[in-house]
Colleague: 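Quick one: the structure is below, questions incoming.
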Amino acid sequence: MLDPEIKKITKNICGDFNIKIDKNGLWYYQGTPINRKSLIKLFSSILTKDKEGVYWLTTPYERGTIKVDDVPFIVVDIKNKGVGSLQEIDFMTNMDRLIPLGPRYKLWLESKANIGKNLPYIDTGKGLSARLARNIFYQLIDLGEVIEGQNESYVEIWSRGKSFRLGSF
């Protein structure tokens with residue numbers, strides 16, 4: 001038997017809302033840019049991603065899908081304090097959300113067709129991710145340390161006692 005809350009949501013599935021987030025984190029409705037940041041922030045607060053990778057906007061009354069070219073958020077600012085393993089790094093998304101890099105919010109590199117190779121992403125919760133803007137990734141690399149291995153060298157960054165590997169060369 002379905003939970004009454006799940007029943008309520010499934011009764012009001014609206015299909016595709018005709019909203020798209022492009023690879024640069026810009027939001028569109030029926031092909032027209034949505035320029036009101038307050039509206040985009042509201043939509044982003046009700047955005048989820050299911051196990052099949054489908055993005056949903058879910059209100060108490062209706063639920064519909066949206067298209068996301070890459071990820072819904074872009075990291076646009078970085079702050080850090082401390083050094084080495086005691087360093088704490090915080091990222092700010094284009095939705096003004098602060099994400100503390102560390103054990104809960106992890107960073108990884110990933111290659112995606114039509115987007116790029118070895119791009120940096122961070123978890124933002126609820127199964128959603130943000131991609132670091134290129135200039136933010138360069139700033140992050142500046143905070144890292146080059147580790148000389150026997151077979152390869154790589155850049156390592158620490159935040160809140162957790163290390164992250166930023167690629168090898």
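In what follows, every heavy atom counts, from backbone to side chain, and hydrogens, waters and symmetry copies are set aside.
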Colleague: Run the salt bridge (Lys or Arg N to Asp or Glu O under 4.0 Å) test on D90 and R97 for me, step by step, so that the C-alpha distance in whole Å, both residues' side-chain angles and the decisive distance to 0.1 Å come before the verdict.
Modeller: CA-CA 10 Å; D90 295 316; R97 177 147 179 246; over 6 Å; no
Colleague: Provide the closest heavy-atom pair for W158 versus G84 in the form atom of the first, atom of the second, distance.
Modeller: CB-O, 3.1 Å
Colleague: If you measure from NZ on K20 to OH on Y55, what distance do you get to the nearest 0.5 Å?
Modeller: 13.5 Å
Colleague: According to a hydrophobic-cluster definition based on side-chain heavy atoms being under 4.5 Å apart (Ile, Leu, Val, Met, Phe, Trp, Tyr only), do F73 and V75 belong together?
Modeller: no
Colleague: When rounded to the nearest 0.5 angstrom, what is the spacing between CG in L57 and CG in L42?
Modeller: 9.0 Å
Colleague: Quick one: do D77 and F91 satisfy side chain to side chain contact (heavy atoms under 4.5 Å, CB included)? Show the steps, please.
Modeller: CA-CA 6 Å; D77 197 12; F91 295 117; over 6 Å; no
Colleague: List the atom of I40, the atom of M95, and the distance in Å for their closest heavy-atom pair.
Modeller: CG2-CE, 3.3 Å
Colleague: Tell me, do L109 and L119 make a side-chain contact under 4.5 Å, heavy atoms counted?
Modeller: no
Colleague: Ion pair present between K37 and D96, side-chain N to carboxylate O less than 4.0 angstrom?
Modeller: yes
Colleague: Are any of the side-chain nitrogens in K67 or D69 under 4.0 Å away from the carboxylate oxygens of its partner?
Modeller: yes
Colleague: Output, in order, the C-alpha distance, side-chain angles, deciding distance and verdict of side chain to side chain contact (heavy atoms under 4.5 Å, CB included) for I89 and L143.
Modeller: CA-CA 9 Å; I89 298 173; L143 298 173; 4.2 Å; yes
Colleague: Is a donor on one side and an acceptor on the other found under 3.5 Å between the side chain of D22 and the backbone of N24?
Modeller: yes
Colleague: State the CZ-NZ distance between R104 and K162, to the nearest 0.5 angstrom.
Modeller: 15.0 Å
Colleague: Whether the Y121 and D70 side chains hold a donor-acceptor pair (N or O, under 3.5 Å, no angle test) is what I'd like checked.
Modeller: yes
Colleague: Assigning hydrophobic clusters by single linkage (Ile, Leu, Val, Met, Phe, Trp, Tyr; side-chain heavy-atom cutoff under 4.5 Å), is V155 placed with I136?
Modeller: yes
Colleague: Any non-hydrogen side-chain atom of L47 less than 4.5 Å from a side-chain atom of K126?
Modeller: no
Colleague: Can you check whether I13 reaches W56 side chain to side chain, under 4.5 Å on heavy atoms?
Modeller: yes
Colleague: Under the criterion side-chain contact (heavy atoms from CB on, under 4.5 Å), which of I19, V54, N18 is the partner of T65?
Modeller: V54
Colleague: In terms of hydrophobic clusters joined by side-chain contacts under 4.5 Å, are V68 and I115 together?
Modeller: no
Colleague: When you compare the side chain of N118 with that of F137, does any pair of heavy atoms fall below 4.5 Å?
Modeller: no
Colleague: Using every non-hydrogen atom in the two residues, find where P72 and S129 come nearest and quote the distance to one decimal.
Modeller: CD-O, 3.5 Å
Colleague: When rounded to the nearest 0.5 angstrom, what distance separates CD in E88 from NZ in K79?
Modeller: 15.0 Å
Colleague: In a check of side-chain contact (heavy atoms from CB on, under 4.5 Å) between L132 and each of I74, I78, L107, V76, which one passes?
Modeller: L107
Colleague: Kindly indicate whether the side chain of K41, heavy atoms from C-beta on, has any atom under 4.5 Å from the side chain of N94.
Modeller: no
Colleague: Can you find a pair of side-chain heavy atoms, one from Y28 and one from I34, that are under 4.5 Å apart?
Modeller: no
Colleague: In terms of hydrophobic clustering (I, L, V, M, F, W, Y; side-chain heavy atoms under 4.5 Å; direct or indirect links), are L39 and I66 co-clustered?
Modeller: yes
Colleague: What's the verdict on side chain to side chain contact (heavy atoms under 4.5 Å, CB included) for L140 and L166, showing C-alpha distance, side-chain angles and the deciding distance?
Modeller: CA-CA 9 Å; L140 185 64; L166 299 181; 4.0 Å; yes
Colleague: Rounded to the nearest 0.5 Å, how far does SG of C14 lie from CD of E62?
Modeller: 4.0 Å
Colleague: Can you tell me if CG on N114 sees more than 12 non-hydrogen neighbours from other groups inside 6.0 Å?
Modeller: no
Colleague: Answer yes when R165 and E156 have at least one side-chain N-carboxylate O distance shorter than 4.0 Å, and no when they do not.
Modeller: no
Colleague: Give, for atom CH2 of W108 and atom CD1 of I122, the distance between the pair rounded to the nearest 0.5 Å.
Modeller: 8.0 Å
Colleague: Specify the closest pair of heavy atoms between F17 and Y29, including all atoms of both residues, with the distance to one decimal.
Modeller: O-CE1, 3.4 Å
Colleague: Can you check whether Y154 reaches V146 side chain to side chain, under 4.5 Å on heavy atoms?
Modeller: no
Colleague: Do S159 and Q87 pair up side chain to side chain, a donor and an acceptor below 3.5 Å, judged on atom types alone?
Modeller: no
Colleague: Answer yes or no: is there a side-chain heavy-atom contact under 4.5 Å between L128 and V71?
Modeller: no
